[in-house]
J.: 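What follows is a structure written as structure tokens; I'll ask about it next.
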Amino acid sequence: AGSLEELVEAVERTGLPLLGNFESSWDLPTLYLDSRVDNGLDPSELKEAVRPPLEAAAASAVDRFADLCETGGANPCVDGTYSKQWDAPVERFVAGEAAGFWGYSERLHLTLELLRKAGASADGLRVASIPLGSQATPLLFTDAFVRRKGCEAEAACDSASTAFVDFINGAWALEEVLLSGDAAAVGKEAIPRYLLPATRAAFEIEGIARDPLFGELRPFAESGYALPNLGELYERRRTSAWLLSQELAN
């Protein structure tokens with residue numbers, strides 16, 4: 001789907017819900033920011049976009065997206081059910097009770113694990129960026145390594161921290177982590193973790209380049225805009241509460 005209208009139509013055509021957890025102080029504000037960009041906001045202005053009162057059209061789009069979860073007069077995505085049952089959206093999807101689910105890319109690890117246990121194929125799995133307006137523009141945020149104050153001036157600390165970052169961003173370590181090589185080493189089934197790597201070079205590593213789901217994720221890593229890492233993003237808990245009480249309550 002290239003727009004929210006197309007997404008709503010596609011999901012409703014299946015007669016099944018689209019699942020995810022809206023009671024999250026990270027997911028909900030970032031969906032709202034996605035909606036701002038998908039409804040025309042320049043990504044460079046995102047830093048000022050998260051503080052309530054929120055922009056009505058973008059908040060309404062998130063509300064409409066949340067409605068796709070409703071089944072039988074209830075909405076487990078909004079009422080806290082999936083905050084307590086974190087894996088339920090994936091479990092329901094694998095059981096054929098949902099058109100799809102949304103969330104972090106690593107949810108694909110559980111999806112494959114459950115599909116294999118059920119003896120089902122993963123060949124039909126597809127990954128898409130959620131359109132929350134007239135377009136689907138992926139926004140990304142990433143974890144980062146932070147050195148303590150003064151580390152750079154201390155030879156041992158500077159050397160050790162630099163060596164660790166070089167190691168963990170190297171091809172061998174990335175392949176081990178992303179493809180669950182540590183699980184294979186102890187005799188477990190090695191299902192990739194499907195963490196979205198922060199370096200484009202990771203997608204060139206042989207095992208990752210061959211994996212079809214990493215191939216589905218690659219365009220988002222290459223074309224996504226960065227979420228702001230300063231300022232108003234830290235209003236996210238207040239933003240979540242506002243969206244839940246003002247837009248998603250009914």
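These values consider heavy atoms only, across backbone and side chains, with no hydrogens, waters or symmetry-generated copies.
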J.: List the atom of S240, the atom of S25, and the distance in Å for their closest heavy-atom pair.
T.: OG-CA, 3.3 Å
J.: State which residues pass ring pair (Phe, Tyr, Trp, His ring centres under 6.0 Å) with Y82; sequence neighbours excluded, sorted by chain then number.
T.: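 Y82 satisfies ring pair (Phe, Tyr, Trp, His ring centres under 6.0 Å) with no residue once adjacent residues are dropped.
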J.: Any pair with a residue in residues 105-119 that passes side chain to side chain donor-acceptor pair (under 3.5 Å), sequence neighbours left out, goes on the list, sorted by first then second residue, please.
T.: D87-R107, R116-E189
J.: Minimum heavy-atom separation for Q85 to P89, with atom names?
T.: O-CD, 3.8 Å
J.: Do T162 side-chain atoms and D158 backbone N/O form a donor-acceptor pair below 3.5 Å?
T.: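 Pair found, side chain donor or acceptor close to backbone of D158.
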J.: Mind listing the closest non-hydrogen atom pair of L174 and I208 along with its distance?
T.: O-CD1, 4.4 Å
J.: Hydrophobic cluster membership, with links at side-chain heavy-atom distances under 4.5 Å among I/L/V/M/F/W/Y: are Y104 and L217 in one?
T.: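 Different hydrophobic clusters.
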J.: Does E204 have any salt bridge (Lys or Arg N to Asp or Glu O under 4.0 Å) partners at least two apart in sequence or in another chain, and if so, which?
T.: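 Per chain and number, E204 pairs via salt bridge (Lys or Arg N to Asp or Glu O under 4.0 Å) with R218.
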J.: Is there a path of hydrophobic side-chain contacts, each under 4.5 Å between heavy atoms, that joins W86 and I191?
T.: no
J.: Where is the tightest heavy-atom contact between V11 and P17, given as atom of each residue plus distance?
T.: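 Smallest interatomic distance, heavy atoms only, reads CG1-C, 4.4 Å.
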J.: Side chain to side chain donor-acceptor pair (under 3.5 Å) with S159: which residues, sequence neighbours excluded?
T.: none
J.: Find out if a path of hydrophobic residues (ILVMFWY) with successive side-chain heavy-atom gaps under 4.5 Å connects F65 to F220.
T.: no
J.: For L112 and Y194, what are the C-alpha separation, side-chain angles and deciding distance, and is it a side-chain contact (heavy atoms from CB on, under 4.5 Å)?
T.: CA-CA 10 Å; L112 260 66; Y194 293 112; 3.6 Å; yes
J.: Could you note down all residue pairs passing salt bridge (charged side-chain N to carboxylate O under 4.0 Å, His left out) where residues 133-144 supplies at least one of them, sequence neighbours left out?
T.: none
J.: Evaluate the criterion side-chain contact (heavy atoms from CB on, under 4.5 Å) for residue pair V8 and L4; output intermediate values, then yes/no.
T.: CA-CA 6 Å; V8 170; L4 180 57; 4.1 Å; yes
J.: Just checking F93 against W102, ring centres under 6.0 Å apart?
T.: no
J.: Going by side chain to side chain contact (heavy atoms under 4.5 Å, CB included), name the residues that satisfy it together with A209, two or more places apart in sequence or in a different chain.
T.: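 None.
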J.: Looking at S180 and A190, would you say the former's side chain and the latter's main chain have a donor-acceptor pair under 3.5 Å?
T.: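 Side chain of S180 to backbone of A190: no pair is present.
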J.: So does E23 get a backbone contact from the side chain of S83, meaning a donor-acceptor N/O pair under 3.5 Å?
T.: yes
J.: Would you say the side-chain atoms of D79 pair up with the backbone N or O of A74, donor to acceptor, closer than 3.5 Å?
T.: no
J.: Measure the CG-CZ distance between L110 and R193 for me, rounded to the nearest 0.5 Å.
T.: 14.0 Å
J.: Enter the distance from I205:CD1 to L179:CG here, rounded to the nearest 0.5 Å.
T.: 8.0 Å
J.: Taking side chain to side chain donor-acceptor pair (under 3.5 Å) as the test, write out the residues that go with S161, two or more places apart.
T.: R147
J.: Examine distances only and state if a side-chain atom of D182 and a backbone atom of V177 form a donor-acceptor pair shorter than 3.5 Å.
T.: no
J.: Does any N or O in the side chain of D38 come within less than 3.5 Å of the main-chain N or O of T137, such that one atom is a donor and the other an acceptor?
T.: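 Yes, because the side chain of D38 sits within donor-acceptor range (under 3.5 Å) of the backbone of T137.
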J.: What residues form a side chain to side chain donor-acceptor pair (under 3.5 Å) with D34, not counting sequence neighbours?
T.: none
J.: Show, in sequence, the C-alpha distance, side-chain angles and deciding distance for T30 and L139, and conclude whether the side-chain contact (heavy atoms from CB on, under 4.5 Å) test is met.
T.: CA-CA 8 Å; T30 51; L139 297 175; over 6 Å; no
J.: How are the rings of F167 and W172 set to each other: parallel, tilted or perpendicular (split at 30° and 60°)?
T.: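 Judged by the thresholds at 30° and 60°, the geometry between F167 and W172 is tilted.
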J.: Could you list the residues that satisfy side chain to side chain contact (heavy atoms under 4.5 Å, CB included) with S3, not counting sequence neighbours?
T.: E5, E6
J.: Should L243 and F22 be marked as a side-chain contact (heavy atoms from CB on, under 4.5 Å) after you check the CA-CA gap, both sets of side-chain angles, and the distance that decides it?
T.: CA-CA 9 Å; L243 285 165; F22 284 84; over 6 Å; no
J.: Suppose we screen for side chain to side chain contact (heavy atoms under 4.5 Å, CB included). Which residues come up paired with D63, at least two apart in sequence or across chains?
T.: D67, E247, L248
J.: Quick check on the hydrophobic clustering: are L140 and F214 connected, directly or via other members, by side-chain heavy-atom contacts under 4.5 Å?
T.: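 Yes, L140 and F214 fall within the same hydrophobic cluster.
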J.: Name all residues meeting the salt bridge (Lys or Arg N to Asp or Glu O under 4.0 Å) criterion together with R148; count only those two or more places apart in sequence or in a different chain, and write none if there are none.
T.: E154
J.: Looking at residues at least two apart in the chain, or sitting in another chain, which of them share a side chain to side chain donor-acceptor pair (under 3.5 Å) with D42?
T.: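 Side chain to side chain donor-acceptor pair (under 3.5 Å) check on D42 returns S44.
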J.: For residues F101 and L28: do they belong to one hydrophobic cluster (side chain heavy atoms under 4.5 Å, members Ile, Leu, Val, Met, Phe, Trp, Tyr)?
T.: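 No.
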